[in-house]
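Remarks on the structure that follows.
All residue numbers refer to positions in the sequence shown, counting from 1. In listed order, ligands and their atoms are each counted from 1.
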Amino acid sequence: MAYALLRQPGAAVGCVGHRGAKGHAPENTLASFNRGYEIGVLAVETDVHLSKDGELIAIHDHTVDRTTNGHGFVKDLTLAELKQLDAGSWFDPQFAGEQVPTLRELLAWAVDRVPVAIEIKNGPIYYPGIAGKVIDLLREFAMLDKAIVISFDHLVLREAKLIEPKLVTGILYVGGLVDPVAAARLAGAASINPHWAYITPALVQEAHAAGIAVSAWNPNDLPTIRMLAHMGVDSIGSDFPDLFAQI
Ligand code: G3P
Ligand code: CA
């Protein structure tokens, strides 16, 4: 299933399952991605870092401390060390034994199920070559049209587009940009991905007039989701994808 970036007229707003379904299961685990998929999300979102031995790892923080029983920076741990960690018990004992997935494992699971939004976590720790590694994996799984690569680091998105012009990207940001369409174009992005609080009807109109999609992150309450849907945003990230059944 291709990634539907722009909402079709009359279609419901798309839900991007934030870190899978972060409100229901331990974030960025296969249990969480599967929960989002079962709910029927447009895409599952994940965050990627590089391990010490250069493997793409699906995890939000630069360290494993908050979301596993381990300690230390992802960049200082090997894949084998990361695989020893329990990434589920901190959330609920029923998820004991959930592993930190690699992006490879996530794509292998997702390829016949659901598109993926991959957030490259560059800064303050930078991962040289991470864009190329993400693209290599998307090519390997033939998922270039089933994924979007997003980042707060617009430079890495520009680098990614130079490596693979067919890649679809979106600029993440927090705040009111003077010219968000220009910012997207400078990065080569097809989507603007602002924090929801900075989305206005005028911004949505401006982006759509330029052929650029708008994807909000990450409201977790129904009134805000409804308000954004009414403004015409194309998709909305949320920890609670189940809420979208009510709009
Ligand atoms: O989808 C964007 C959103 O995930 C960005 O914030 O901190 O949850 O990665 P964060
Ligand atoms: Ca993210």
> Considering only protein heavy atoms, which is closest to atom 5 (C) of ligand 1, and at what distance to one decimal place?
Replying inline: E119 OE1, 3.5 Å
>> Let me check something: do W196 and I192 share a hydrophobic cluster, defined by ILVMFWY side-chain heavy atoms less than 4.5 Å apart, either directly or through other members?
In response: yes
>> Can you report which non-hydrogen protein atom sits closest to atom 10 (P) of ligand 1, along with the distance?
In response: H60 NE2, 3.3 Å
> Would N193 and S191 satisfy side-chain hydrogen bond (donor to acceptor under 3.5 Å, both in side chains), going step by step from the backbone distance to the final call?
Replying inline: CA-CA 6 Å; N193 299 46; S191 170; 2.7 Å; yes
> Starting from atom 3 (C) of ligand 1, which protein heavy atom do you reach first, and at what distance in Å?
Replying inline: N218 ND2, 3.5 Å
> Do we see a donor-acceptor contact under 3.5 Å between the side chains of N69 and D86?
Replying inline: no
> For S238 and N220, does a side-chain donor sit closer than 3.5 Å to a side-chain acceptor?
Replying inline: yes
> Any idea which protein heavy atom is nearest atom 2 (C) of ligand 1, and the distance to it?
Replying inline: L172 CD2, 3.4 Å
> Under the side-chain hydrogen bond (donor to acceptor under 3.5 Å, both in side chains) criterion, do H60 and N28 qualify, and how do the steps go?
Replying inline: CA-CA 7 Å; H60 180 270; N28 280 326; over 6 Å; no
> Using heavy atoms and a threshold below 4.0 Å, how should the contact between V16 and ligand 1 be classified: side chain, backbone, both, or neither?
Replying inline: neither
> In D47, what N, O or S atom is nearest to the Ca ion (ligand 2), if we give its atom name?
Replying inline: OD1
> Quick one: do the D61 and H49 side chains pair a donor with an acceptor below 3.5 Å?
Replying inline: no
> If you stand at the Ca ion (ligand 2) and look out to OE2 of E45 and OE1 of E119, what angle do those two lines make, to 10°?
Replying inline: 100°
> Any Lys/Arg nitrogen of E140 or R104 sitting under 4.0 Å from an Asp/Glu carboxylate oxygen of the other?
Replying inline: yes
> Would one find more than 12 heavy atoms of other residues, nucleotides or ligands at under 6.0 Å from atom CZ of R113?
Replying inline: yes
> In ligand 1, which numbered atoms sit nearer than 4.0 Å to a non-hydrogen atom of F152?
Replying inline: 5 (C)
> Where's the contact between N193 and ligand 1, heavy-atom distance under 4.0 Å: side chain, backbone, both or neither?
Replying inline: neither
> What protein heavy atom is closest to atom 1 (O) of ligand 1, reported as residue, atom name and distance in Å?
Replying inline: E45 OE2, 3.4 Å
> To which protein heavy atom is atom 9 (O) of ligand 1 closest, and what is the distance rounded to 0.1 Å?
Replying inline: K121 NZ, 2.7 Å
